[in-house]
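Notes for the one structure printed next.
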Amino acid sequence: MKNKLRDIVKHRTSNTLGVLINKVNQVLRGWKHYFAGIGYPRGVFFRINGFVVNRFYRWHRRLSQRRSKYLSRGAYEKLRQAGLEYLPTTR
């Protein structure tokens, strides 16, 4: 799973935020539907959500030589407003 997300959100890609979010959403939706009915995936979903936010932070930090403040605070909410779907961490 993490390798798929790494391939999509490389910090050296020239895709826009919208394109990256659409690709990541497809992978996350498929993973959510496959694993949601099996056991208690809440902890894994929580770690994957953090991993995705970290990947987007690294990607955004690469865009400019100046310090990136866009995703430094409130990254979860800013990415949600941009259209990113998170894996559910509650039942």
Side-chain angles (χ1 to χ4, degrees):
M1 174 67 177
K2 286 184 177 181
N3 288 334
K4 282 185 183 180
L5 293 172
R6 278 187 195 108
D7 289 340
I8 294 171
V9 188
K10 294 179 183 175
H11 65 278
R12 295 188 185 269
T13 185
S14 61
N15 291 331
T16 63
L17 181 63
V19 171
L20 292 175
I21 285 178
N22 286 336
K23 290 180 181 181
V24 168
N25 280 344
Q26 289 176 354
V27 173
L28 291 178
R29 262 188 248 122
W31 214 66
K32 175 178 69 173
H33 291 303
Y34 185 77
F35 287 103
I38 302 173
Y40 300 98
R42 184 171 38 183
V44 176
F45 284 180
F46 183 78
R47 287 193 299 269
I48 292 294
N49 287 340
F51 179 78
V52 168
V53 169
N54 187 25
R55 294 304 294 182
F56 275 109
Y57 178 76
R58 287 185 66 207
W59 170 81
H60 192 270
R61 193 175 61 196
R62 184 219 35 108
L63 293 178
S64 175
Q65 292 178 355
R66 295 181 182 176
R67 186 175 173 101
S68 173
K69 293 185 179 179
Y70 177 69
L71 290 178
S72 61
R73 291 193 177 201
Y76 278 92
E77 189 58 37
K78 289 177 184 176
L79 288 171
R80 183 183 306 275
Q81 290 173 355
L84 184 65
E85 296 177 20
Y86 292 107
L87 296 172
T89 56
T90 59
R91 264 218 164 203

(request) Give a yes or no on whether Val19 and Leu28 share a hydrophobic cluster (residues Ile, Leu, Val, Met, Phe, Trp, Tyr; joining criterion: side-chain heavy atoms under 4.5 Å apart). (result) no

(request) Count the heavy atoms of every other residue, nucleotide or ligand shown that sit under 6.0 Å from NZ of Lys10, and state whether that count exceeds 12. (result) no

(message) To the nearest 0.5 Å, what is the distance between CD1 on Ile21 and OG1 on Thr16?
(response) 9.0 Å

(message) The criterion is ring-ring contact (aromatic ring centres under 6.0 Å, His included); which residues satisfy it with Trp59, sequence neighbours excluded?
(response) none

(request) Any side chain to side chain donor-acceptor pair (under 3.5 Å) involving residues 20-29? Give me the pairs, sequence neighbours left out, ordered by first then second residue. (result) Arg29-Glu85

(message) Assess the residue pair Val9 and Asn15 against the criterion (side-chain contact (heavy atoms from CB on, under 4.5 Å)); give the C-alpha distance rounded to whole Å, side-chain angles, the decisive distance to 0.1 Å, and a yes or no.
(response) CA-CA 9 Å; Val9 188; Asn15 291 331; over 6 Å; no

(message) If you apply the rule side-chain contact (heavy atoms from CB on, under 4.5 Å), what do you find for Leu87 with Phe35, and how did you get there?
(response) CA-CA 10 Å; Leu87 296 172; Phe35 287 103; over 6 Å; no

(message) Test of understanding: with side-chain contact (heavy atoms from CB on, under 4.5 Å), list the residues that count as partners of Gln81, not counting sequence neighbours.
(response) Glu77

(message) Just verifying a value: how many Å separate His60 NE2 and Arg58 CZ, rounded to the nearest 0.5 Å?
(response) 15.0 Å

(message) Applying side chain to side chain donor-acceptor pair (under 3.5 Å), can you list everything that pairs with Arg6, at least two apart in sequence or on another chain?
(response) Asn3

(request) Tell me, with the steps shown, if Trp31 and Val44 meet side-chain contact (heavy atoms from CB on, under 4.5 Å). (result) CA-CA 11 Å; Trp31 214 66; Val44 176; 3.5 Å; yes

(message) According to side-chain contact (heavy atoms from CB on, under 4.5 Å), who are the partners of Tyr76, at least two apart in sequence or on a separate chain?
(response) Asn49, Val53, Tyr86

(message) Hydrophobic clusters here meaning ILVMFWY residues chained together by side-chain heavy-atom distances under 4.5 Å, can you tell me if Ile48 and Phe46 are in one?
(response) no

(message) Using 0.5 Å steps for rounding, measure from the CZ atom of Arg55 to the CD1 atom of Ile8.
(response) 10.5 Å

